[in-house]
Amino acid sequence: MKTETRTAENKYKLILAVEQECVKYNHFDEYVHLAEIDNGASTALFYKLEEEISSDRVSDYYVELLVSGLEMVHRCSSKFIKISVRSVGLDRALQVPCRVIDKYLLSPPDHAHAANIICYISKLFIHLTKASWVKQKMAERSQIMSSIVLILKSDLCDAVTVEAIKLLAALIHGIESGSIVVHAEALVDALVERARSPNTHIQEASARTFLNLSVALEKNQILGWRDDTLRALLACLSAHHSDTTQIYAIGALVTISTCEETKVRLAQYQHGELVRRMLFLINYARNMNLRKDAIGVLANLTNADTACLFCPFPDFMKMLAVQAADDAREETQRVALKVLSRLSLFVDATAPCHVHLLTALVGALAGNNARLPVVAALKYQAAKPLNRNAVARFPHLLDALSDASRDLVGEGRTNALKTLLFLSHLGRGATYATSAAVLRALAA
């Protein structure tokens, strides 16, 4: 009995001592934290946490104090994080917090300390990711990735979920993809579920993590083949989501759309739902970055297999012509011209949508900045004998081309004249379609 009383008294004294230390650690002066680390604060806290979590009688309050102290001490730069982890030992620094997570994830929903403890550990791990070599080691540990998935699938409060998703985003940013491929499906499952949350902070953190995951898995087709991922990202682009959420989501789609193996699938997803959403953003999004990235998605998706899928979409070509001719928004204009140029490589006169392409190219010539790439696209079209008759006889095209040629110099003017030269070879017995404007251009 006396032994138990003495033990309780000692534990009480330890708790009081740690409480006092935590008051001192609660600041953001990293040089003071460096002094604390040099004085053995992080080492002492890790050892005490390991000892407590291994004991027969664990004090939840004491564990919460210890993990909060660890989180505070590590509010410092990567240089000091390295010093702390090396002094503690990498295995202890990563394994002990995971043991704590495993223990408290089993707690009932109304546990007084579980949510705070797991939240502090998530924040601690986020601090540790500042050191790149520590982050790489963390990503390689199945125990850590599994712990994150379990947190995301748990019924813990939103504050814990936000920190866990932030941890995942930080952990997968800039690391080798091989470290996370084995966990990718489970991570995506958890993220898709959390992205549906009405909590704005969870939405933003989920979208950011999808963006980081898309970059980490850029050469992997996982995200592009999953309907639930595409559905979640498109949902993040709805108007009631924050601009931040939408920017992260469209960024993820920009990366996903670069994968050659899934381009046709993305273009056909839900009978064109992804394309329609991009067109809506291009036409109506207030944020210009959203518009630019939406065109970027379509530019990435445009190839020989998808070109004829895009052209029949209502207003698709009209949108491209308007954006390509808009000199006031050069970034958006540049990407729109890229789409038009790519379409001109793959759509010829045998395609029913060829007329839509020519309409867009003529419309785009209204923009001063667009004339050089559009004339180059028309030259490519005219270089193919199959296209010449359709191009030469298209209403207003020759006049627009001749007007552009008078304003161009160097390569641009050369391309315009070469286009007219190609169109003059319509074939045996054909009549060359011309106009006074064309003749003036040739004489100039």
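FYI, side chains are in, hydrogens and waters are out, and symmetry mates aren't considered; it's all heavy atoms of this structure.
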Can you list, pair by pair, the side-chain donor-acceptor contacts under 3.5 Å of residues 14-21, counting residues two or more places apart and other chains?
{"unit_1": "E19", "atom_1": "OE2", "unit_2": "Y61", "atom_2": "OH", "d": "2.4"}
{"unit_1": "E21", "atom_1": "OE1", "unit_2": "Y25", "atom_2": "OH", "d": "2.9"}
{"unit_1": "E21", "atom_1": "OE2", "unit_2": "K24", "atom_2": "NZ", "d": "3.2"}

Residue pair [X] / [Y], side-chain donor-acceptor N/O under 3.5 Å:
{"X": "N212", "Y": "T209", "answer": "no"}
{"X": "S84", "Y": "S87", "answer": "no"}
{"X": "Y47", "Y": "R92", "answer": "yes"}

Classify the ring geometry between H111 and H113 as parallel (under 30°), tilted (30 to 60°) or perpendicular (over 60°).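 Perpendicular.
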Check whether any side-chain heavy atom of V297 lies under 4.5 Å from a side-chain heavy atom of D293, and answer yes or no.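 No, side chains not in contact.
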Once side chain to side chain contact (heavy atoms under 4.5 Å, CB included) is applied, do any residues pair with [X], and if so which ones, sequence neighbours excluded?
{"X": "C119", "answer": "K123, V160, E163"}
{"X": "T161", "answer": "L152, I165, R194, I202"}
{"X": "L106", "answer": "none"}

Hey, can you pull the donor-acceptor pairs under 3.5 Å for the side chains in residues 232-240, sequence neighbours left out?
{"unit_1": "S238", "atom_1": "OG", "unit_2": "A235", "atom_2": "O", "d": "2.8"}
{"unit_1": "S238", "atom_1": "OG", "unit_2": "H240", "atom_2": "ND1", "d": "3.1"}
{"unit_1": "S238", "atom_1": "OG", "unit_2": "H241", "atom_2": "ND1", "d": "2.8"}

L281 versus Q246, closest heavy-atom pair with distance: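 It is CD2-OE1, 4.4 Å.
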Listing, residues 362-375 side-chain donor-acceptor contacts under 3.5 Å, not counting sequence neighbours, or none:
{"unit_1": "N369", "atom_1": "ND2", "unit_2": "D327", "atom_2": "OD1", "d": "3.4"}
{"unit_1": "N369", "atom_1": "ND2", "unit_2": "Q333", "atom_2": "OE1", "d": "3.3"}
{"unit_1": "R371", "atom_1": "NE", "unit_2": "L365", "atom_2": "O", "d": "3.2"}
{"unit_1": "R371", "atom_1": "NH1", "unit_2": "D407", "atom_2": "OD2", "d": "2.7"}

Worked check of salt bridge (charged side-chain N to carboxylate O under 4.0 Å, His left out) between D60 and K103: CA-CA 11 Å; D60 299 328; K103 172 178 171 58; 5.2 Å; no
Given the side-chain rings of H33 and F80, with only the six-membered ring counted for Trp, is the space between their centroids under 6.0 Å?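 Centroid separation for H33 and F80: 6.0 Å or greater.
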